[in-house]
Structures are given as structure tokens and as C-alpha cells.
> 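For reference, the structure I am asking about is given below.
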2 protein chains.
Amino acid sequence: MTRRPTLEDVAQRAGCSRALVSIVMRDAVGASDLTRERVKQVADEIGYRPDPHAQRLRRHRSKLVGVTFAAGQEFHADVVDSLYVATEALGYDVVLSAVTPHHDEARAVRTLVDDRCEGLVLIGPQISTRRLSELASRIPVVVVARRTRGVDAVRSDDVAGAVLGVDHLVGLGHRRIVYLDGGRAPGAAERLRGYRRAVRAAGLPELVATGGLTERDGADAASSLLAADELPDAVFAFNDRCALGVMDVLIRSGVSVPQQVSVMGFDDSPLAGLTHISLTTIRQDCVALARAAVARLMERLEGTVEAADAVDVVCEPALVVRGSTIPRL
Amino acid sequence: MTRRPTLEDVAQRAGCSRALVSIVMRDAVGASDLTRERVKQVADEIGYRPDPHAQRLRRHRSKLVGVTFAAGQEFHADVVDSLYVATEALGYDVVLSAVTPHHDEARAVRTLVDDRCEGLVLIGPQISTRRLSELASRIPVVVVARRTRGVDAVRSDDVAGAVLGVDHLVGLGHRRIVYLDGGRAPGAAERLRGYRRAVRAAGLPELVATGGLTERDGADAASSLLAADELPDAVFAFNDRCALGVMDVLIRSGVSVPQQVSVMGFDDSPLAGLTHISLTTIRQDCVALARAAVARLMERLEGTVEAADAVDVVCEPALVVRGSTIPRL
DNA sequence: TTGTAGGCGTTATCAT
DNA sequence: ATGATAACGCCTACAA
């Protein structure tokens with residue numbers, strides 16, 4: 001395997017200086033059209049590609065945005081996708097660092113900082129608020145999908161999302177609407193608040209039960225529901241997975257969904273849409289989330305913003321109506 | 001925000017040369033224990049961290065392994081996790097490049113190559129065999145979870161996995177075992193072959209039906225099954241998602257699983273285990289897959305292997321027995 | 001054990 | 001418009 005071509009190689013074959021080649025490759029001013037053409041052709045011929053490491057070493061700005069995310073999480077994946085387009089539009093590159101069992105968040109962040117990323121986007125971080133603030137004091141940080149005081153955050157309006165869901169169910173004529181709470185999960189408090197507000201506004205009873213994040217939690221909740229005297233008209237679960245658990249147990253027990261009980265979730269995970277499950281749910285606007293996160297990061301990087309005050313950007317979620325919710329019979 | 005400390009800064013505060021600091025930071029030989037102690041302390045104090053870009057520029061080897069993966073895919077996430085530990089043990093760093101709707105495989109690979117990764121690990125790549133070979137001729141490449149001629153590949157032994165599954169069902173006393181085929185998906189041909197072999201060996205009828213990759217496909221297949229005169233004893237689906245679709249339709253139709261029909265899948269996706277679904281399935285050994293991929297890559301990088309011949313490493317999958325399969329009643 | 005010099009591939013500054 | 005030259009932060013001889 002032969003050495004990769006460098007600026008020097010291009011310069012020699014094109015019969016000009018390295019400086020000129022550099023100018024051409026960067027599309028900077030200061031080269032004649034003729035030279036430009038020639039250099040580009042030579043570069044193409046010998047397959048020259050600038051070395052990003054050398055570029056970043058020499059430039060004062062690495063033009064890198066570090067991103068931590070939970071590998072395997074659909075929602076995170078969607079945000080990452082949008083992050084790619086948002087940053088590219090601004091001339092930045094993304095450096096990914098996955099959070100996995102053997103590669104925890106602290107390590108992921110460390111890598112990113114060492115890599116001289118100019119700013120960080122943390123998707124659904126789990127670390128403590130204290131460490132988050134600590135980090136943010138050393139490097140621009142924007143947190144996605146988690147509310148945090150003192151650090152820039154971009155998240156969905158979970159209150160509004162829950163209201164959206166309840167209003168949908170109310171509109172279908174349901175009266176006894178049970179909400180399955182998400183406990184201490186990010187957004188859980190807001191969703192519960194939204195449920196309470198909407199249900200109260202509609203003059204309906206507040207029926208809050210313990211839910212959770214997983215199918216297992218949903219299944220348990222459904223079992224409790226079945227043990228009660230009367231089945232509710234509808235169940236609104238903290239998230240899709242929980243909703244799936246509910247549906248499964250109900251159906252196994254001979255309760256037809258949505259005929260007897262309407263079920264809806266939150267998140268619009270691919271499972272909800274791709275399958276015959278056809279779960280009505282609330283979708284978070286990943287594109288808006290990513291765009292807002294990058295926009296805020298850029299403000300920090302440009303230094304056009306006071307270091308002290310953190311912002312809390314809120315994006316509107318949307319109702320996705322599918323087959324698991326129908327009018328009350 | 002002040003400038004990040006450099007080697008020079010450490011050297012000054014420690015009262016020695018940069019070279020010495022470099023030696024200490026790299027844990028190389030040639031520094032007294034006293035100096036070592038002093039330098040490390042100073043480095044810690046001023047928060048010095050070596051600049052990887054500068055290191056890679058100076059070193060002849062970037063010590064980088066590029067990895068492409070489908071963001072949001074659990075299986076890929078598991079492999080990535082194992083890749084982190086496998087590479088770290090060998091002193092290499094991982095550079096992630098996600099394959100998403102707006103960031104396709106070609107782009108992901110290009111980034112990795114530009115970043116001067118020494119070798120690439122492609123998890124479940126979708127690009128054509130031709131482009132794969134082309135790439136592999138320019139840079140060491142190992143493909144994970146896809147069979148490819150001419151390029152190093154590491155994958156599960158799908159034939160053995162299918163045999164494992166069938167033998168399990170046979171052992172439970174099932175006679176009429178339907179297999180739901182995966183069509184042209186990676187591994188589908190092998191799994192079908194394994195099914196045929198095992199079923200024939202047990203003197204049972206080959207019952208192959210059209211399945212697919214999604215819950216939808218499984219649901220369709222289940223509907224066909226229900227339309228037939230007689231229900232099979234067990235259904236072995238191409239993958240977990242397909243199996244889930246089968247289970248769902250059967251249960252909705254009043255057929256109890258596993259009492260009337262045992263169902264099993266393939267992949268051991270988190271869905272299978274995390275939930276009350278409790279699907280018996282075949283698990284791919286992600287750790288072994290990752291380890292083997294890295295090991296092979298290292299052979300290439302060390303140049304201890306002929307460029308011409310590609311290897312096809314096969315890892316043994318394992319049976320994971322859960323609740324969706326029980327003895328024939 | 002320690003220090004000095006040179007260069008990795010690129011870009012920025014200054015001449016020409 | 002073009003070219004020489006000096007960094008960027010680090011590592012690797014080699015010399016002391």
C-alpha cells in the first residue's frame with residue numbers, strides 16, 4: 001500500500017506551490033481560473049484528499065461538533081440523522097460517540113473533548129445535573145430531550161403533547177381515560193401535568209396509575225386494570241413501549257383493542273407505525289430538535305451569547321392518529 | 001475561554017523539555033520515576049490532554065478503526081459496544097459513522113477514509129459487492145453480518161442456528177414445524193438450509209412458507225396458516241420481528257401461544273427478552289463477532305496476511321429458551 | 001536520564 | 001496571481 005498523496009504531491013504534478021493548491025482545495029480567493037482547473041484535475045487524478053487532522057491542527061477551529069447518543073435507540077438515531085444535515089449546512093462535521101454498556105457517558109464525553117470538538121450535543125444524557133453544569137462550564141453544551149437548569153436544553157413540549165393526546169381521546173367520546181405515569185423518566189413530570197390539565201379542562205376524572213418505560217411495566221399496569229371492577233374507555237401510556245405492553249395483555253385476556261379499550265402511546269417509535277400494531281401516539285419533532293440544538297450551539301460558538309444564561313427551547317410535538325384509538329362505541 | 005494547555009505548557013511548569021513530557025504522557029521508556037511523577041502531576045493540575053490530531057499527524061499510524069452501522073438497530077448497537085472493548089484492548093480508537101436516511105453508506109465510508117482510519121468495519125453493509133471489493137482493495141475492510149465473496153467477512157453460522165432451533169422444537173415433541181422464510185435477506189438462504197437439513201434428519205416434513213423481515217410479514221404468514229385445515233405444532237420464523245407478528249395474529253385469533261402453537265424467532269432482539277413476550281430465539285454472539293472482526297482487521301494491518309485471499313469467519317449462535325415454546329401437549 | 005532539531009500535512013502571512 | 005516561510009502540537013531520532 002503506497003503513501004497517500006499530499007498537498008505537495010499535487011503541487012509538484014500541477015507545477016505550482018503548495019499554497020496555491022491549498023487555496024484551490026479550500027475554494028478560497030487568490031487563484032486564477034486556469035490554475036484552479038488544473039489543480040483540481042490533478043488532485044482528482046491522483047486521488048488527493050486533504051488530511052482533516054492536519055487541517056484541524058493548523059486551523060484554529062476544528063469545526064467539529066461532538067454528539068453522544070444511545071446506540072440502538074430509535075429516537076436518538078432520528079436526532080443524529082437530523083444533526084448530520086443541520087451541522088453540514090453550517091460547515092461543521094459531526095463526531096459520534098455512542099453510549100453503551102462498555103462505553104459510558106463520561107467516557108464518551110471525554111473522547112469528544114479530547115478530540116477538540118468545539119461544542120457538544122448530548123442526546124438524552126443520564127449524568128447528574130452537577131456534572132452537566134461542570135462540563136458546560138468548560139465547553140459549549142446543548143442537551144437534547146432532557147430538561148436541565150443551568151445548561152442549554154432543547155426538548156419537546158411534553159405538556160402540550162399530553163394535552164394533545166387527551167384531547168384526541170376526549171374528542172372520540174371517551175370519559176374514563178387512564179394515564180400510565182412514567183415515574184422519574186425525562187419528561188414524565190411534564191406529561192403527567194399535561195394529562196391532568198387536559199382531563200380537568202374536560203371535566204373528566206383524573207385516573208393516574210403506575211406505568212413505566214418498558215413493555216413489562218405496561219403489562220403489569222394492564223393486569224392491575226383488569227383486576228379492577230370496570231375497564232376504562234381508554235389508556236394513555238407514558239410511551240409506546242409501555243402502551244405495547246398494555247395492548248398485549250389486554251388482547252391476551254380477551255379484551256379487544258381498540259373496540260373495548262382505546263390505547264395510545266408517546267414517541268412514535270418505529271414499532272408503533274411499521275407494524276399491524278398501528279398505535280396512535282405523539283411524535284416528537286426530531287428535525288426541529290436537532291436544528292434548534294445546532295442553532296443554539298452555534299450561538300455559543302460565535303460567542304454572541306452571554307455565558308451565564310441558559311436557554312430552554314421547546315418544540316411542539318404532533319398527534320399521529322392510527323388504529324389503536326377509535327370512537328367510544 | 002483560554003487556550004488549551006499544550007506539551008510546552010507542561011514542560012515549562014515542570015521545568016523540563018517537551019520531549020520528556022511526551023515520553024511520560026505516552027508511558028514510554030526514558031524518564032526517571034521522579035520526573036514521571038512531577039510531569040504527571042503538573043499535567044493533571046493544568047488539565048493537559050494530548051491533542052489526538054497532532055499525535056496522529058506525527059505518528060505514522062492513526063490507530064483508528066472506522067465503523068459504519070445503522071443507527072437505531074439494536075443488533076448493530078450491540079456489535080458497536082463490543083467493538084469498543086475489542087479495539088481498546090489493542091490500543092486503537094473507534095471512529096463511528098452512522099448510516100441514516102440523510103447520511104448514506106457511501107458518505108459514511110468516505111468520511112472514515114478521509115479521517116485516515118487504518119481499517120474499516122462495516123456492520124451489515126448494504127452496498128453492492130462490487131463497491132465493497134473496490135473499497136477493500138484500497139483499505140482493509142471487514143464486513144460483519146453479511147456474507148461476501150472477496151472481502152473478509154465475519155458472521156453467525158446461520159445454518160447451525162436454524163438447526164439449533166429445529167432440534168429444540170423436535171426435542172419438545174413437535175412434528176409439524178413450519179418455517180417462515182426470509183427471502184433475499186442476509187442469512188436467509190443459510191437459515192432455510194439449516195431448517196431443511198434438521199427437519200429431514202428428524203424424519204419430519206419440510207413445511208416452508210413465505211415469511212419476511214417485519215411484523216407485518218409475520219402477520220400475513222400467520223393469517224395464511226389460520227386459513228389452512230390444520231394448525232402446525234410450531235412456527236419457526238426467520239427473525240424475531242416476524243415471529244412477533246405471528247404471535248400477535250395467532251393470539252388475536254384465539255389461538256393460544258405456546259399452548260396450541262409454539263413460536264420461535266431468530267436474533268434475540270431486546271424485544272424478545274425484555275418483555276412478557278418471552279420469545280424463544282437464537283442469539284447471535286455479538287462479542288465474538290466483534291472480536292473476530294477486529295482480530296482479522298489487525299492481521300491485515302500488520303500485513304501478516306496475503307492481500308488476495310479473503311476469509312469468512314463464522315461464529316456459533318446460541319439457543320435462548322424462553323416461554324414461547326413448550327412441549328407438545 | 002535529559003535536551004535539541006526536524007518534520008508530519010496543512011494553512012496563514014508576507015513578499016514578489 | 002503566485003510562492004516562500006513560519007507556525008499548529010506532537011513525536012522520533014540523535015546527541016549530550
Side-chain angles (χ1 to χ4, degrees), chain A residues 1-40 42-43 46-64 91-93 113-118, chain B residues 1-40 42-43 46-64 91-93 113-118:
Chain A
M1 195 160 60
T2 177
R3 187 178 58 82
R4 289 192 62 135
T6 71
L7 254 190
E8 176 69 38
D9 298 326
V10 178
Q12 282 187 4
R13 304 235 337 193
C16 66
S17 70
R18 290 175 306 174
L20 216 34
V21 177
S22 173
I23 287 173
V24 172
M25 294 310 293
R26 285 178 291 136
D27 280 319
V29 293
S32 68
D33 288 357
L34 191 70
T35 319
R36 228 172 262 282
E37 196 57 43
R38 189 159 35 94
V39 168
K40 278 188 175 168
V42 171
I46 68 177
Y48 166 74
R49 306 239 56 187
D51 184 335
H53 300 300
Q55 286 183 321
R56 289 193 268 267
L57 181 59
R58 180 55 232 232
R59 290 203 227 267
H60 273 193
R61 311 195 51 173
S62 71
K63 286 285 187 178
L64 252 30
Y92 279 76
D93 270 330
V113 173
D114 284 352
D115 269 349
R116 302 308 197 256
C117 291
E118 296 183 24
Chain B
M1 195 159 58
T2 176
R3 187 178 57 82
R4 289 190 63 133
T6 72
L7 255 189
E8 176 69 37
D9 300 325
V10 179
Q12 282 186 4
R13 304 234 338 191
C16 67
S17 71
R18 292 173 307 171
L20 218 31
V21 177
S22 172
I23 286 173
V24 173
M25 294 310 293
R26 286 177 293 137
D27 280 319
V29 294
S32 67
D33 289 356
L34 191 71
T35 319
R36 230 173 260 283
E37 197 56 44
R38 187 160 36 94
V39 168
K40 279 190 175 168
V42 171
I46 67 177
Y48 166 73
R49 307 239 57 187
D51 184 334
H53 300 301
Q55 285 183 321
R56 289 193 269 267
L57 183 60
R58 181 61 181 101
R59 285 199 227 270
H60 274 193
R61 313 195 50 174
S62 71
K63 288 283 188 178
L64 251 30
Y92 280 75
D93 270 330
V113 173
D114 284 352
D115 270 349
R116 302 308 196 257
C117 291
E118 295 185 27

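Just so we're on the same page: letters track the sequence lines, and every chain starts at 1.
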> More than 12 non-hydrogen atoms from neighbouring residues, nucleotides or ligands closer than 6.0 Å to CZ on Arg36(A), yes or no?
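Enclosed.
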> Taking CG from Leu7(A) and P from dA4(D), how many angstroms apart are they, rounded to a whole number?
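Value for this atom pair: 14 Å.
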> Under the criterion side-chain contact (heavy atoms from CB on, under 4.5 Å), which of Asp9(B), Thr35(B), Val10(B), Val42(B) is the partner of Val21(B)?
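For Val21(B), the side-chain contact (heavy atoms from CB on, under 4.5 Å) check succeeds only for Val10(B).
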> Please give, in whole Å, the distance from dC8(C) C1' to Asp51(B) CG?
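Spelled out: CG on Asp51(B) to C1' on dC8(C) is 13 Å.
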> What is the distance, to the nearest angstrom, from the NE2 atom on His53(B) to the C1' atom on dA7(D)?
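Taking NE2 of His53(B) and C1' of dA7(D), I get 18 Å after rounding.
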> Pick the closest DNA chain C nucleotide for Arg59(A) and for Ala31(B) by heavy atoms, then say which residue is nearer the 5' end.
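The answer here is Ala31(B).
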> Quick one: which of Asp114(A), Asp51(A), Asp115(A) gives a salt bridge (Lys or Arg N to Asp or Glu O under 4.0 Å) with Arg56(B)?
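Testing Arg56(B) for a salt bridge (Lys or Arg N to Asp or Glu O under 4.0 Å) against Asp114(A), Asp51(A), Asp115(A) leaves exactly one candidate, Asp115(A).
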> Any donor-acceptor pair, under 3.5 Å, between the side chain of Arg58(A) and the base of dT10(C), if you only look at N and O atoms?
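Side chain to base: no pair below 3.5 Å.
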> Are there over 12 heavy-atom neighbours, none belonging to Glu8(A), within less than 6.0 Å of that residue's CD?
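Yes, CD of Glu8(A) has more than 12 neighbouring heavy atoms, counting only those of other groups under 6.0 Å.
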> How close or far is atom C1' of dG9(C) from atom CZ of Arg61(B), stated in whole angstroms?
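Computing the Arg61(B):CZ to dG9(C):C1' distance gives 19 Å.
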> Can you see which heavy atom on Ile23(A) is nearest to which on Ala31(A), and at what distance?
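Taking every non-hydrogen atom into account, CG2-CB, 4.1 Å.
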> Does the side chain of Arg4(B) come within less than 4.5 Å of Val113(A)'s, by heavy atoms?
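Sidechains of Arg4(B) and Val113(A): in contact.
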> Using atom CG of Leu57(A) as one end and atom P of dC8(C) as the other, report the distance to the nearest whole Å.
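Those two atoms, CG and P, are 13 Å apart.
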> What's the CZ-C1' distance between Arg4(B) and dG9(D), to the nearest Å?
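That distance rounds to 12 Å.
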> Among residues 14-24 of chain A, which ones have heavy-atom contacts with DNA chain C below 4.0 Å?
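Those residues are Arg18(A), Ala19(A), Ser22(A).
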> So, does Thr6(A) get its side chain near the phosphate of dC8(C), meaning an N or O under 4.0 Å from OP1 or OP2?
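For dC8(C), OP1/OP2 do not have a side-chain N/O of Thr6(A) under 4.0 Å.
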> It should be established whether Gln55(A) places a side-chain nitrogen or oxygen under 4.0 Å from OP1 or OP2 of nucleotide dT11(C).
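Yes, Gln55(A) has a side-chain N/O under 4.0 Å of OP1/OP2 on dT11(C).
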> For Asp33(A) and dT2(D), what is the distance between atoms CG and C1' respectively, to the nearest whole Å?
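Whole-Å distance recorded here is 15 Å.
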> Taking only N and O in the side chain of Arg56(B), is any of them less than 4.0 Å away from OP1 or OP2 of dG9(C)?
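False: Arg56(B) side-chain N/O out of range (4.0 Å or more) of dG9(C) OP1/OP2.
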> Regarding Arg18(B) and Ser22(B), is there a side-chain donor-to-acceptor distance under 3.5 Å anywhere?
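No, no side-chain donor-acceptor pair sits under 3.5 Å.
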> With a cut-off of less than 4.0 Å, is there a side-chain N or O of Thr35(B) near OP1 or OP2 of dT2(C)?
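For dT2(C), OP1 or OP2 has a side-chain N or O of Thr35(B) closer than 4.0 Å.
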> Taking CZ from Arg116(A) and P from dC8(D), how many angstroms apart are they, rounded to a whole number?
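In whole Å, dC8(D) P lies 14 Å from Arg116(A) CZ.
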